[in-house]
There are 2 protein chains.
Amino acid sequence: MAKQADATAPRAPLSRERVLRAAITLADESGVETLTMRGLARTLGVEAMSLYNHAANKDDILAGMVDAVVSEINDAVAEIDVPATEWRTAMRRRILAARAILLRHPWAPGVIESRTTMSPTMLRYFDSLIGLFREAGFSTDLTHHAMHALGSRALGFTQELYDDSQELGPDETAALLQQLAGEYPNLTAMVSEITHDADTTLGWCDDQFEFEFALDLILDGLERLRDAA
Amino acid sequence: MAKQADATAPRAPLSRERVLRAAITLADESGVETLTMRGLARTLGVEAMSLYNHAANKDDILAGMVDAVVSEINDAVAEIDVPATEWRTAMRRRILAARAILLRHPWAPGVIESRTTMSPTMLRYFDSLIGLFREAGFSTDLTHHAMHALGSRALGFTQELYDDSQELGPDETAALLQQLAGEYPNLTAMVSEITHDADTTLGWCDDQFEFEFALDLILDGLERLRDAA
DNA sequence: ACCTGAACACCGTTCAAGT
DNA sequence: ACCTGAACACCGTTCAAGT
């Protein structure tokens, strides 16, 4: 039935590029857990087994997807020009640029963490950060520790431990807090005090602010250690 | 064939407790990716479907496993007695105790991160950390930011981005570094300098040291912010 | 109340067959 | 060289049947 344009307009031939692009779009829109070989093939108008002509297996596809996203990051970082003297702002800009891109690919953090080997593009990104530290006068050792301390934050993400996406209304929030006050007194006190000052729902964490807060905390500490040496 | 003790010694009856314990042992030993309902049932000498009498589904089992591990952490933390005045050492001891337990359950970090809702035991643990901050004179706001800045580190883990478990010999290391020096000059320079000073393999990162380094960096920063207020 | 066997609706992947 | 259909070896889970 979907065979209008067949011989005359041969549907763009499959390629690794096209497979990966489709996989990323699909994961962006409906989550990586719904990314199946059969489903991916369907969006490409092809049978599942055809994918194996352009990727070794599903793992290879996931690797390619990560690689594409990190390439995006490398491209964005390449366009940032901050005088080499201002390492702090240069570092900040790069990491926040990475974060901005990862926010558009919510599946990426999980997939990145689940992979054991680092892709060449990832190595390239980290190499650039290391270069920035070294130029800024950080010792080799301190640079090494700095990279570990940043961890996944260097790539612009931290896996949150809880999900505050299920926003509760102010009434529900108040009721829930009251109910939990006995068991978790400190937590409920903190939440109610903060939500009282800000808006009145439970969706009370500004992820961007918290990310930058922790990032600055770490960069401050590293700078201090560098200057103390 | 494995039916020696049947009627007289009725194999301890199944229970949620027993299912979870078996699941944890199995995941500890062979990884969570090999934890299947059928496999878990086999180790319990039962059919897969019997498990559904004691757990709603596999997700419920994973939730129970996390809960058991965090309970272990809560128990360990409860035994730490540090004078309330020394918040730094108290915080450090708790978090490192959590880490020690998670090291025995390598699957736990991944499962914890993949869950969206926080279990009561987890809330209890975080409640205690929040209490520690508050008693130490941290404002509500700063305490909130502190918990975010610690993130999963509060529970004793950070998901590493690469796997240095595949240790290379010194010759292989040297060869690999030489080969990669062109593409990743800063990275290879750092690695070769550090491995030269320490042992000569590529398994060159002391995870415990790096964990404590980053933890202290964050705690230092937080203390400074508290005192600046 | 608890356990079981067969079955269902999915996976990723192999293989021989098509063009 | 690329695509396909049928099949295989797995999943988690449902359901009717056993005791």
Side-chain angles (χ1 to χ4, degrees), chain A residues 1-24 26-27 29-66 107 110-111 114-116, chain B residues 1-24 26-27 29-66 107 110-111 114-116:
Chain A
M1 21 178 68
K3 278 222 175 180
Q4 289 98 322
D6 38 22
T8 64
R11 281 280 156 257
L14 224 46
S15 67
R16 182 164 226 273
E17 169 88 21
R18 233 160 70 75
V19 168
L20 293 181
R21 191 146 34 209
I24 289 173
L26 208 149
E29 288 170 357
S30 12
V32 76
E33 67 279 359
T34 73
L35 180 69
T36 66
M37 297 299 273
R38 286 172 171 86
L40 175 56
R42 198 179 322 119
T43 73
L44 287 161
V46 94
E47 295 300 312
M49 306 72 205
S50 304
L51 301 175
Y52 289 87
N53 287 311
H54 304 96
N57 47 37
K58 188 177 181 179
D59 193 71
D60 186 34
I61 290 179
L62 289 173
M65 292 167 69
V66 168
W107 50 270
V111 174
S114 72
R115 322 217 90 254
T116 52
Chain B
M1 21 176 69
K3 279 223 176 179
Q4 291 98 319
D6 38 22
T8 65
R11 282 280 156 254
L14 224 46
S15 67
R16 183 164 225 271
E17 169 89 22
R18 234 159 71 74
V19 168
L20 293 181
R21 196 153 24 216
I24 289 172
L26 208 148
E29 287 170 358
S30 10
V32 76
E33 67 279 357
T34 73
L35 181 69
T36 66
M37 298 300 272
R38 286 172 171 85
L40 175 55
R42 199 181 319 118
T43 73
L44 286 161
V46 95
E47 294 301 313
M49 305 75 205
S50 303
L51 301 175
Y52 289 86
N53 288 310
H54 303 96
N57 47 36
K58 188 178 182 181
D59 192 71
D60 186 34
I61 291 179
L62 289 173
M65 292 168 68
V66 168
W107 49 270
V111 176
S114 71
R115 321 216 91 254
T116 51

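Within every chain, numbering begins at 1; the chains are lettered A, B, ... in the order of the sequence lines, protein sequences first and strands thereafter.
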Checklist outcome for this item: Checking N1-N3 plus N6-O4 or O6-N4 for Watson-Crick, or N1-O2 and O6-N3 for wobble, each under 3.5 Å, the partner of D:dA16 is C:dT4

Next on the checklist: Tell me which nucleotide, if any, is Watson-Crick or G-U wobble paired with C:dC11 when both distances must be under 3.5 Å.
Outcome noted: none

Item to check | Residue pair A:Y52 / A:N57: nearest heavy atoms and the distance that separates them | outcome: CE2-CA, 3.9 Å

Next on the checklist: Using a heavy-atom cut-off of 4.0 Å across all strands, would you classify A:I61 as base, sugar-phosphate, or nothing?
Outcome noted: nothing

Next on the checklist: Does B:T36 reach a base, just sugar-phosphate, or nothing at all? Heavy atoms under 4.0 Å.
Outcome noted: sugar-phosphate

Please report, rounded to the nearest Å, how far the [atom2] atom of [N] is from the [atom1] atom of [X].
| X | N | atom1 | atom2 | value |
| --- | --- | --- | --- | --- |
| A:L40 | C:dT13 | CG | C1' | 15 Å |
| B:K58 | D:dC11 | NZ | P | 9 Å |
| B:M49 | C:dC3 | CE | C1' | 11 Å |
| A:M37 | D:dC11 | CE | P | 19 Å |
| B:N57 | C:dA9 | CG | P | 20 Å |
| B:E47 | C:dT4 | CD | C1' | 6 Å |
| A:L51 | C:dC11 | CG | C1' | 14 Å |
| B:L44 | C:dT4 | CG | P | 11 Å |

Next on the checklist: Around atom CZ of B:R42, are there more than 12 heavy atoms from other residues, nucleotides or ligands closer than 6.0 Å?
Outcome noted: no

Next on the checklist: So, does A:S50 get its side chain near the phosphate of D:dT4, meaning an N or O under 4.0 Å from OP1 or OP2?
Outcome noted: yes

Checklist entry - Do any side-chain nitrogens or oxygens of A:Y52 fall under 4.0 Å of OP1 or OP2 in C:dT14? => result no

Checklist entry - Any idea which of C:dC11, D:dC15, D:dC3 is nearest the A:R38 side chain? => result C:dC11

Next on the checklist: Using the side-chain heavy atoms of A:L14, tell me which of these nucleotides is nearest: D:dC3, C:dT14, D:dT13.
Outcome noted: D:dC3

Item to check | Residues A:L44, A:L14; criterion side chain to side chain contact (heavy atoms under 4.5 Å, CB included); working and verdict | outcome: CA-CA 8 Å; A:L44 287 161; A:L14 224 46; 4.2 Å; yes

Next on the checklist: With side chain to side chain contact (heavy atoms under 4.5 Å, CB included) as the criterion, how do B:V111 and B:M65 come out once you've worked through the C-alpha distance, each side chain's angles and the decisive distance to 0.1 Å?
Outcome noted: CA-CA 9 Å; B:V111 176; B:M65 292 168 68; over 6 Å; no

Item to check | Donor-acceptor under 3.5 Å (B:T34 side chain, B:S30 main chain) | outcome: yes

